[in-house]
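Input: a single structure, listed below in C-alpha cells.
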Amino acid sequence: MLIQHTRLIDFVTEIFAASGVSASSAQAVAHHLVHANLKGHDSHGVGMIPAYYNNLTKGHLNPHADIKILKDKGAVLLIDGQNGFGQVVGKQATNLAIERVKETGIVCMGLRNAHHLGRIGSYGEQCGNAGYGSVSFVNVVGHAPQVVAFGGREPRMTTNPFCCVVPRKDKPPVVLDMATSAVALGKIRVANMKGEQAPDGALVDHEGIPTTDPKVIFQEPRGALGPFGKHKGYGLALICELLGGALAGEWTAQPDNPRAGTIVNNMLMFVFDPDIFDGAQQFSDEVESMLAYIHSSTPARGIDRVRVPGEPEIEAMDARSKTGIDIDQNTWAAICKVANRLKIETENMG
Ligand code: NAD
C-alpha cells in the first residue's frame, strides 16, 4: 500500500507515544524510520516497529533513556546509550561529537549499548551536513549471530555496518553506508514478507550450501547470511566487531556475552574537520574534481548513469517524497497488529 511520508510519520509517532515513549522521542524515532523508507532502505524503516515494540514490552529497550557520558577527555568521548532508542541516543551522541570537533578538529567517539541505531548513514549525514567527515564501525549484539565468517559454516557475527561520510561545500555529502553482510538482514526480512527470493550469493543453508530461500533465516534448521565480497567484506565485518564491539562497546558476538533476543549496536565513530590540515579549500576543489571525473564515466550497457555513494538515497527520497512509500502487505499487517493492540485506528491509512 502507498502512503505519504508525512502521514506515516504521524501514524508511527502515535504508535510509539501510545507505547509510553515521550512525544519528542516518539517523533524522533518515527522521523528516522520513515526517512529510512524514503531513502530506499525499507529494511531499516517502519518494518522495524514490531521488533521495537517487542523489545519495549520485554524491557530490552528503555524508552526514557538518554546518553550517559562515561569519558570526556579532549578529543575522546565515551558514551553509554543505556539501551535507549538508537535513534535518540545516536543523535545525541553525534551532536556531542560535532560540538567537540569544533574545538579539537578530530574526535574519537565510542557509543555503547544503544538499542538498534537504524540507518547508520543518518549519523554520518548529521556530521556531513554540519561540514564534517566521519568514519563509523558498528557491531550488532544482543541476539544470536547470523553471518558466517569467510570459509565457515556457522554464523559468528551479524550484519556489522560500516559508514564513511565525506562533506562537500553547499552540496549533500558523499555517504558510503553499508552492511558488511552480502545484504542487510532487513532486506531478507522484506524478501521473506513479500514471498520473493533473496539475491544470489547472499545466503547459505545450515550446511553452508548457497541458497536464495529467505526462510532459512527465520526457520529451523537455520542458515546464515554471507559477508559481501568474500574475505574482504568478512575482514571489514571483523574490524567492525573488534573496534565497534570490543573497543567502544566492550562486548562482541562471542558466546560469553548475553544473547537475550534484543538488538544492541555499539559504534566507534571518528569525526573530522576537513580543515584539520588547513587545506579545506584544496580538499573541496579536489573532491569536486574527482567526483566530476567519476560522473563523466560512460555508463556500462544497461546502466543509466554512474553514481557516487549516497546518490541512490537522494534519488529514492526525491521519488518517494512525491509518490509516497510503498509498504508490502505483510509488513503493513504486522505494523497494524501493534497499532491495534494500542487501540490505534488503522483504517483509511492508504
Ligand atoms: P546498499 O547496498 O543499498 O548501499 C550501500 C552503499 O552503496 C550506500 O552508501 C549506497 O549509497 C551505495 N550505492 C548503492 N548503489 C550504488 C550505485 N549504483 N552507485 C554508487 N553507490 C551505490 O545498503 P545495505 O548494505 O543494504 O545497507 C542498508 C542500510 O542498513 C544502511 O543504512 C546500514 O546502515 C543499515 N544497517 C544497519 C544495521 C544496524 O545494526 N543498525 C546493520 C546493517 C545495516
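In this chain, residues are counted from 1 in sequence order. Counting starts at 1 for both ligands and their atoms, following the listed order. Note that this is a predicted model, so its numbers are computed, not measured.
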Item to check | Under-4.0 Å protein heavy-atom contact, atom 21 (N) of ligand 1 | outcome: yes
Checklist entry - Under 4.0 Å from any heavy atom of T159, which atoms of ligand 1 are there? => result 42 (C), 43 (C)
Checklist entry - Just distances here: any N/O of G121 and N/O of ligand 1 closer than 3.5 Å? => result no
Checklist outcome for this item: When distances are taken from atom 7 (O) of ligand 1, the protein heavy atom at minimum range is L176 CD1, 4.2 Å
Item to check | Option whose closest heavy atom lies nearest to atom 1 (P) of ligand 1, chosen from H41, H44, R307, M178 | outcome: H41
Checklist entry - Which one holds for D177 and ligand 1: side chain close, backbone close, both close, or neither close, with close meaning a heavy atom under 4.0 Å? => result both
Item to check | V89 vs D66 side-chain heavy atoms within contact, under 4.5 Å | outcome: no
Checklist entry - When only distance counts, is S43 in polar contact with ligand 1, meaning an N/O pair under 3.5 Å? => result no
Checklist entry - For ligand 1, is any non-hydrogen atom under 4.0 Å from V175's backbone (N, CA, C, O), its side chain (CB onward), both, or neither? => result backbone
Next on the checklist: When you measure from the heavy atoms of V183 to every atom of ligand 1, does any distance fall below 4.0 Å?
Outcome noted: no
Next on the checklist: Ignoring hydrogens, what is the shortest heavy-atom contact between A18 and I344? Give both atom names and the distance.
Outcome noted: CB-CD1, 3.9 Å
Item to check | Any H44 side-chain heavy atom under 4.5 Å of H116 side chain | outcome: yes
Next on the checklist: Side chains of V166 and F283, heavy atoms from C-beta outward: is any pair under 4.5 Å?
Outcome noted: yes
Next on the checklist: Looking at K102 and D273, is any side-chain nitrogen of the basic one under 4.0 Å from a carboxylate oxygen of the acidic one?
Outcome noted: no
Checklist entry - Looking at the rings of F272 and Y132, which for Trp means the six-membered one, are their centres under 6.0 Å apart? => result no
Checklist entry - Looking only at N/O atoms, are I120 and ligand 1 under 3.5 Å apart anywhere? => result yes
Item to check | Where ligand 1 meets G310 - atom numbers and elements under 4.0 angstrom, heavy-atom basis | outcome: 11 (O)
Next on the checklist: With heavy-atom distances below 4.0 Å as the criterion, list the atoms of ligand 1 near V140.
Outcome noted: 40 (O)
Checklist entry - Quick check: does any side chain N or O of H31 sit under 3.5 Å from a backbone N or O of I9, one acting as donor and the other as acceptor? => result no
Next on the checklist: Evaluate R119 for polar contact with ligand 1, using N/O atom pairs at a separation under 3.5 Å.
Outcome noted: no
Item to check | Closest protein heavy atom (residue, atom, distance) for atom 40 (O) of ligand 1 | outcome: N265 ND2, 3.0 Å
Checklist entry - Is a salt bridge present between R307 and D304, judged by a nitrogen-to-oxygen distance below 4.0 Å? => result yes
Item to check | D80 to Q82 - nearest heavy-atom pair and separation | outcome: OD1-N, 2.7 Å
Checklist outcome for this item: Taking only non-hydrogen atoms of A179 and a 4.0 Å limit, the atoms of ligand 1 in range are 24 (P), 25 (O), 27 (O), 43 (C), 44 (C)
Item to check | Side-chain touch L225/L203, heavy atoms, less than 4.5 angstrom | outcome: yes
Checklist entry - For G118, is at least one N or O under 3.5 Å away from an N or O on ligand 1? => result yes
Item to check | Proximal ligand 1 atoms for H116, defined as those under 4.0 Å from one of its heavy atoms | outcome: 39 (C), 40 (O), 41 (N)
Checklist outcome for this item: among protein heavy atoms, the one nearest atom 26 (O) of ligand 1 is K187 NZ, 2.8 Å
Item to check | Candidate list E315, E313, E125, test salt bridge (Lys or Arg N to Asp or Glu O under 4.0 Å), partner K39, passing option | outcome: E125
Checklist outcome for this item: In this structure, atom 10 (C) of ligand 1 is nearest to the protein heavy atom E313 OE2, 3.3 Å
Item to check | R112 bridged to E250 by N-O distance under 4.0 Å | outcome: yes
Item to check | Part of P312 within contact of ligand 1 (heavy atoms, under 4.0 Å) | outcome: side chain
